[in-house]
There are 2 protein chains.
Amino acid sequence: MAQQLVDRRDLDFVLWEQLDCEGEILKKYDAYKEFNKKTCDMILNEAKALAVKELLPTMQEGDRQGVRYENNEVKVPDSFHRPHELLLEGEWQNLGVEPEMGGQGAPAFISSATAEMFMAASWACYSYATMGNGTSDMIEKYGTQEQKDLYIPKITTGEWGGTMLLTEPDAGTDVGALTTTAVKNDDGTYSLTGNKIFITNGEHDLCENIIHPVLARIEGDPAGTKGISIFIVPKYFVNPDGSLGDRNDILCTGVEHKHGIKASATCQMSMGSKGKCIGFLLGKEREGMKVMFNMMNGARMATGLQALAYASASYLDALNYARDRIQGRSIDDMANHGAPPVAIINHPDVRRNLLWMKSYVCGFRSFFQYSSMLATKAAMAEDEEERKLNNGLYELMTPLIKAYLSDLGYEVCVQGIQVYGGVGFCQDFLAEQYARDCKITSIYEGTSGIQSMDLLGRKLGMEKGKVFMAFMGEVGKTIAKAKGQEALKGLAEDLEAALNRLGETAMHLGKTAVSPDFKAAFAHSLPFLYVMGDVIMAWMLLWRASVAVEKLAGKVKKKDEAFYTGQVKTAEFFIQSLLPITHGKMNAIFNTCKAAIEMPDDGYGI
Amino acid sequence: MAQQLVDRRDLDFVLWEQLDCEGEILKKYDAYKEFNKKTCDMILNEAKALAVKELLPTMQEGDRQGVRYENNEVKVPDSFHRPHELLLEGEWQNLGVEPEMGGQGAPAFISSATAEMFMAASWACYSYATMGNGTSDMIEKYGTQEQKDLYIPKITTGEWGGTMLLTEPDAGTDVGALTTTAVKNDDGTYSLTGNKIFITNGEHDLCENIIHPVLARIEGDPAGTKGISIFIVPKYFVNPDGSLGDRNDILCTGVEHKHGIKASATCQMSMGSKGKCIGFLLGKEREGMKVMFNMMNGARMATGLQALAYASASYLDALNYARDRIQGRSIDDMANHGAPPVAIINHPDVRRNLLWMKSYVCGFRSFFQYSSMLATKAAMAEDEEERKLNNGLYELMTPLIKAYLSDLGYEVCVQGIQVYGGVGFCQDFLAEQYARDCKITSIYEGTSGIQSMDLLGRKLGMEKGKVFMAFMGEVGKTIAKAKGQEALKGLAEDLEAALNRLGETAMHLGKTAVSPDFKAAFAHSLPFLYVMGDVIMAWMLLWRASVAVEKLAGKVKKKDEAFYTGQVKTAEFFIQSLLPITHGKMNAIFNTCKAAIEMPDDGYGI
């Protein structure tokens, strides 16, 4: 039973058939002239081979051994060292990094497709190699030339790692409450004092140096987010010639023991315990939030991708198991006690469960790559209107990618356990680990609740609702096309009804959010995010089906016939079995029940 | 922050105010004449004290240490020994066991209420003390007088444990495929050979002897379930005087490493490796399934109770945390950057999340105790019609208690993690363990999928649908009463609409299940179980609200006012926010999408 991680046929379908990344990106933008479909195919082949052969074997072992903390140092699982070296040798960590920063400049659709494979194989291992990219992005955008020259090259080669020191014990979601302070020194540097928690890869033994961006408040600066600045705090100071100098006064004081991603070092960090933690201002004073938010969209997209990776791997594992596991008679032979047992994929309940999982995995992948394409187009567009449109849609999609893929991706992993039955609860298979690891994605980089407030409070109203209307228009295009396809007409009409109702729901909730009942509106922000995500899933699956129907009208190989028919059936399943539930959820949002707001605090219980 | 495990006020409300267990059980049946409300209160107080003080401290420790297997022996976590002794000293394990078997004969509502507390505190620890009850029940019902005298007394005192050896590597859900064989010896005993897996508490160091009921096929008996017999296989043979004799040839050959309930020994068992495993027939030959099923309803109820216990504890922990954790400004003060941070229970998204959890926990507890009462009435009723009605309803409810409480209870535990945010993912709090432990409840004693097939394939059609109609009638009584209460009229009408639609849905699916589309029907059996469960939740919460509204009309203390208002708000929340989704689910079932059946196997993916 070969491990698959990612269904390559499905990935190819999304990139080349559904989204036409060749015409829409490769041939369109000069920046990618060194990449054609053939090179992309080769990159994906190589990535998959490395992911399956070298990273995947570390996933379970990494979970069992975990990270080990001793005397301010952190050891990663032993098995991570070799694949880490191979990732760096192959420069997989900088595949999507811009050439000006020393990277290979591949378009995001390719770098994220390889990332999906590596994440599915061993997210923790892959993250040590890649987390520095967020740090160097910030430095590239806001740093001085000296800072760029000093830090970016070695982060891009993966020799040095990067982090983001944001959260403190009493300042998690409420970043503005942080208490880490910075005092300006005579030489223009700053002395930092404070403690941070939940710092992913804050300390480990895979890199010779780690460059920490740190949020802190300069003494005397105002309270709240507007008084926050950001500093570069290297673990080892870097001499002007690039060699390493003294150790800085930033220490890991412990690691968390967690539900999942146990191989990822989640560090408690202390700065200035000896009064000698030196930081270098990045960008301007009091602009820390702006600089930090520069990496936030990327981090949220990456978190959605992580969830997709787990869900996809969990689905393929469950599918393989269901094909192999012989148990029980066919429902066709229930009356015949002598009938032979069959593979469990033949049982209707298992078939539904698998199709449920598949519909989300397919929807996620298309939605992620669609959103990634928006970002690429926003970055590449020469026309200002086109840039604005794509950027707006990308901003609108980000909280959905982050929260919807996380929450539903987790549910896919849980269903993965269920397909296995009893052995799914045992640690011999990866199913239970996918679920444990995936749970973090709903929490870090802003919980799902926070994402939903971003969606309702900021994104829906962008440009007076024009961005949301543009989104409706994009869905409308798929509907219009599918309506002209006999096999999909009914499904297209169903999606149209849901889309219209979504528009009404957004309008209703948006109005309520600025009415005296605004609290009740915000008690429905997450339910709203889910229904918008549902409609997007249906859109993506109808879009897929629409492409598949076109292909089926021509001459197709037998294997492709099953694949394309599968696309149509998946859309049918989601739109007929799940979209009616979305209508129910929208009706519930229209009720805008105030019970959670009116509930007396003591009424919740003892 | 005191650990609460179970909201005693809520439990009292269910037992004495909603279900009137005093009038309906204690004063009604002679068998319980030694129990009055006051003794019950005392029992609950003592149970809670023991659960919180002695069992709860073992929960996390038990998870970290797990069970240890070496040389066919299993050691439970060190911390389990003392609470195990205390449980036995207090005779908590036989509180609900009939006096004829040496038990204390308490009504099920009290023994299950204490069980909820012990399970919430440390299910694994409690299970070692109580699992023998299923074994002795079987022996009491089907054993010879000699077998009763030999085994039951020591199981009831907890000196000996019990198990159920059912599952084999290739015979899980499909019990009939088992390969363990029995050969009759000249002395009337049987020699058994075979291997079993997933045997809860199959071997451990808390009891001096373990009595194993074993399913096996006597040589020459027919294939499938009809050829299965059941045997008593004691770990140590028991001499006629009750003393222990030689060791039997049944060995633990390993334990599973699991996602949760790590402190519970899930054993692989080997019988006859030395050719000397002796079993004693229980009941008649080839009646093994009948004897085994005798304990199945009880096991399924206990599994639902286990899920309720985790969900309840997880909810109360999350509630306490939300009241204590200060983070972020109030949404009322969003514009005022100087406003002080507030407890997170003030944030609308957290309030909704908590009320979502509470609505299920309350619904579960009422539903469980209602079903338990049905069993009591069925056992006690002198009138045959009354017995039949209550027994039918109990049979109908069993798959729902098992699957709905498991699956939704797990979701409650997952939401518990989410309320905590980042620390919920860490092992310092119990939230993540509740989720891991709870996952097993959806799997063992028959997966949720199996329960749904039992519901659709057997229970809905019992007595030509009369039992289901009787259930509809019971819900109707609550609706009729609530319609007469001004505050609840609208909610009652909403529930009535959902109930009627549920009736139509059951009719539709029942017909489809015997049509040529029967496979599509069975692809919707679990969705149907969920909607029936949803309607039951709404019923239970409206029932609660109806009682609360009556109380609020009289003179109530301030604390009770919040409690009763909480009941009304909880019903409002569920019926206005969640029941519309149930309508959507029912609409989806009416679509009876065939995609999962028509999907080509290769269309699922590579």
Side-chain angles (χ1 to χ4, degrees), chain A residues 4 7 9 172-174 177 198 224 256-259 319 327-328 331 337 341 348-349 351-352 354-355 358 421-422 425-427 432 439-440 443 447 449 519 522-523 525-526 562 565-566 569 572-573 576-577 580-581 583-585 587-588 591 593 595-600 602-606, chain B residues 4 7 9 172-174 177 198 224 256-259 316 319 327-328 331 337 341 348-349 351-352 354-355 358 421-422 425-427 432 439-440 443 447 449 519 522-523 525-526 562 565-566 569 572-573 576-577 580-581 583-585 587-588 591 593 595-596 598-600 602-606:
Chain A
Q4 295 294 344
D7 186 332
R9 178 68 186 86
T173 297
D174 185 10
F198 294 158
E256 305 296 337
H257 299 278
K258 308 188 300 293
H259 183 71
L319 176 60
Q327 184 82 173
I331 193 169
H337 284 269
D349 182 65
R351 294 186 84 76
R352 189 210 64 248
L354 289 171
L355 192 46
K358 179 185 170 65
F425 195 69
C426 298
Q427 301 200 305
E432 67 86 30
K439 189 73 206 82
I440 190 61
I443 298 170
T447 62
K519 286 189 197 176
F522 279 94
S525 56
L526 192 53
T565 307
K569 290 291 154 197
E572 225 175 275
F573 173 77
Q576 293 179 355
S577 294
I581 304 173
H583 276 283
K585 292 181 198 169
N587 292 342
N591 284 347
C593 173
I597 305 302
E598 293 169 354
M599 183 84 171
D602 286 347
Y604 275 100
I606 42 167
Chain B
Q4 295 294 345
D7 185 332
R9 179 67 186 90
T173 298
D174 184 11
F198 295 158
E256 304 297 337
H257 299 278
K258 308 188 299 292
H259 183 70
L316 293 176
L319 176 61
Q327 183 82 174
I331 193 170
H337 282 269
D349 183 65
R351 294 186 83 77
R352 188 210 65 247
L354 289 170
L355 192 47
K358 179 184 170 66
F425 195 71
C426 297
Q427 301 201 305
E432 68 87 29
K439 189 73 206 83
I440 191 60
I443 298 171
T447 63
K519 285 188 198 177
F522 279 95
S525 56
L526 191 53
T565 306
K569 290 292 155 195
E572 224 175 275
F573 172 78
Q576 293 179 355
S577 295
I581 305 175
H583 276 282
K585 293 181 197 170
N587 292 343
N591 283 346
C593 172
E598 292 169 354
M599 182 84 171
D602 287 345
Y604 275 101
I606 44 168

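Model, not experiment: these values are computed from the prediction. Lettering follows sequence order; numbering is per chain, from 1.
With A:Arg351 contributing its side chain and B:Met599 its backbone, the two residues share a donor-acceptor pair below 3.5 Å. Although no hydrogens or angles enter the test, the distance criterion places no donor-acceptor pair under 3.5 Å between the side chain of B:Arg352 and the main chain of A:Ser525. B:Glu572 places no side-chain N or O within donor-acceptor distance of the main-chain N or O of A:Cys593, the cut-off being under 3.5 Å.
For chain A, the nearby parts of B:His257 are the backbone and the side chain; heavy atoms of each come within less than 4.5 Å. Heavy atoms of B:Lys358 lying under 4.5 Å from chain A belong exclusively to its side chain. Of the atoms belonging to B:Gln427, heavy atoms from both backbone and side chain fall under 4.5 Å from chain A. In this structure, the portion of A:Leu319 lying under 4.5 Å from any heavy atom of chain B is its side chain and not its backbone. Only the side chain of A:Asn591 comes within contact range of chain B, with at least one heavy atom under 4.5 Å from a heavy atom of that chain. Only the side chain of A:Phe198 comes within contact range of chain B, with at least one heavy atom under 4.5 Å from a heavy atom of that chain. Proximity to chain A involves both the backbone and the side chain of B:Phe573, based on heavy atoms less than 4.5 angstrom apart.
Among the candidates B:Pro348, B:Gly449, B:Gly566, the residue making the largest number of heavy-atom pairs closer than 4.5 Å to chain A is B:Pro348. For the options B:Gly328, B:Gly584, B:Gly422, B:Ala177, heavy-atom pairs under 4.5 Å to chain A are most numerous at B:Gly584. Of the listed residues (A:Gly224, A:Gly605, A:Ser577, A:Pro341), the greatest number of heavy-atom pairs within a distance under 4.5 Å of chain B belongs to A:Gly605. Interface summary for chain A: among B:Leu526, B:Thr565, B:Ile440, B:Leu316, the most heavy-atom pairs under 4.5 angstrom belong to B:Ile440. For chain B, the option among A:Asn587, A:Ile331, A:Asp602 with the highest count of heavy-atom pairs below 4.5 Å is A:Ile331. Chosen from A:Lys569, A:Gln327, A:Lys585, A:Gln576, the residue pairing most often with chain B at heavy-atom distances under 4.5 Å is A:Gln327. Looking only at heavy-atom pairs under 4.5 Å with chain B, the residue among A:Ile606, A:Leu354, A:Thr173, A:Asp349 that has the most is A:Ile606.
Across all their heavy atoms, A:Ile443 and B:Gly421 have their closest contact at CG2-C, 3.6 Å. The shortest heavy-atom contact between B:Ala562 and A:Pro600 is O-CG, 4.1 Å.
Taken from CD in B:Gln4 to CZ in B:Arg9, the straight-line distance is 14.5 Å, to the nearest 0.5 Å. In this structure, NZ on A:Lys258 lies 7.5 Å from SG on B:Cys426, to the nearest 0.5 angstrom.
At a threshold of 4.5 Å between non-hydrogen side-chain atoms, the residues A:Lys439 and B:Glu432 do not count as touching. Contact of the A:Tyr604 side chain with the B:Leu355 side chain is registered, since non-hydrogen atoms from C-beta on lie closer than 4.5 Å.
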